[in-house]
Amino acid sequence: MISLTGLTGEYVSLVRYAILVVLAFLLAWLAGWLCRKLVVPLLMRVTRKTEVAWDDVLFNERLLISASHIIPAIVIWALLPLVFYEYPQVEDIVGRLTAIYFTIMAVRTIIVFIDSFKRLENGNRSTRLQYLYTLCSVLKILMIFISVIVVVAIIINKSPATLFAGLGAASAILMLAFQDTIKGLVAGIRLTSNEMLHVGDWITVPSAGANGKVEEISLTMVKVRNFDNTIVTVTPQMLVDGSFQNWQGMVENEGRKQVRKVYYDFRSLKVEDDGVANITKFRQHIEQWLKTNPKVIGEKNPLVKQTEAPQPSGCCLEFVFWLHAKELMDFEHDTSDIMEYIYAKGADYGLRIYQQFPEQGVLENS
């Protein structure tokens, strides 16, 4: 049929092989397209009909589409002997390119499959889930490392086993290159195994300017969304080697505790007509007022007591109470409202708060 076009000699063979190559790639593309348009939707419908939820997560659409990109490589690999049987050198080059494409797509699919495990989270901040995330990060790095070795082996036409055997001499270089990853892995395991940190915890890391909820924990970083919606990332190594404050216990508790101290001038203390000191009546009043204050958890028995020995700065009263508010802004505002009432109410009982003016260096009694 090609000869009918007027071509003769070697041109007929070249055109024939060109047509075969085009047909092979068209078949490969068609196989991938059919897989994405027919097989993937069919599998998605099957998984949706099952009662369990894990198959919907692990065999999600992104994973199936990624896997469908492997099909064209399989088709090309199967057709290579039929198309390039007279051109072994071309067959070898195309075969290597196909093998490289197959390796990359296969590793990509495996990585997508590993990422799918993150979607299994059911809202519980379990240590097992944290371990799973850390393991997934390690597996992804391992798969990328293996794929690089395999691709290099294909390019230089060597066995991957030979390259892996030669890595022993380069282990020091690899450890140097991946030292941050190794340290992050060890630090991440320490964080999760000791129940130090979970996704959703509210933490503060003063050295990094972090003050908010943990959104993500990976092998090399911890992502924190601050109360002002800014994002701060810190390394697990920084959290382990340094110090951070985890407020989750307070968040999960019924309320948030507040302790404040106020010093009163000893010269304003006096005994009333009923034989009770004015500071005693003041303590009793504030305790009762705190128990009935809607911002305070009265069931936790607010306490007003004397602390410390007599000081040059006066008689110290300590106010201990628990607030319903847990968010920083509400907590600070409610605390300010309560303490401002306490400051002002002392005057009704004849009490004066210690106050020293820096420029005078004397106690103000007026």
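Keep in mind that what you see is a predicted model, and the values were worked out from it rather than measured.
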I'd like to know if [Y] and [X] are part of one continuous hydrophobic network [Ile/Leu/Val/Met/Phe/Trp/Tyr, side-chain heavy atoms within less than 4.5 Å].
{"X": "Val40", "Y": "Trp29", "result": "no"}
{"X": "Ile279", "Y": "Met339", "result": "yes"}
{"X": "Leu97", "Y": "Leu26", "result": "no"}

Taking it one step at a time, do Tyr349 and Phe282 satisfy ring-ring contact (aromatic ring centres under 6.0 Å, His included)? CA-CA 7 Å; Tyr349 290 84; Phe282 175 69; 5.8 Å; yes
Does [X] reach the main-chain N or O of [Y] with its side chain, forming a donor-acceptor pair under 3.5 Å?
{"X": "Arg96", "Y": "Ile155", "value": "yes"}
{"X": "Glu215", "Y": "Val224", "value": "no"}
{"X": "Ser268", "Y": "Tyr264", "value": "no"}
{"X": "Asp274", "Y": "Val276", "value": "yes"}
{"X": "Asn211", "Y": "Arg225", "value": "no"}
{"X": "Asp115", "Y": "Lys140", "value": "no"}
{"X": "Asn226", "Y": "Asp228", "value": "no"}
{"X": "Thr109", "Y": "Met105", "value": "yes"}
{"X": "Asn278", "Y": "Lys270", "value": "yes"}
{"X": "Ser147", "Y": "Ile104", "value": "no"}

Is it the case that Arg260 places NZ or CZ above or below the six-membered ring of Phe319, under 6.0 angstrom from the centre and within 45 degrees of the axis?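 Negative - Arg260 is either too far from the ring of Phe319 or too far off its axis.
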Within 45° of the axis and under 6.0 Å from the centre of the six-membered ring of Trp202, does NZ or CZ of Lys213 qualify?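 Not flagged: Lys213 not positioned over aromatic ring of Trp202.
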Exceeds 12 heavy-atom contacts within 6.0 angstrom, atom [atom1] of [X]:
{"X": "Asp273", "atom1": "CG", "value": "no"}
{"X": "Phe266", "atom1": "CZ", "value": "yes"}
{"X": "Trp77", "atom1": "CH2", "value": "no"}

Looking at Ile154, Thr103, Ile76, which one forms a side-chain contact (heavy atoms from CB on, under 4.5 Å) with Thr98?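 One option only clears the test, and that one is Ile76.
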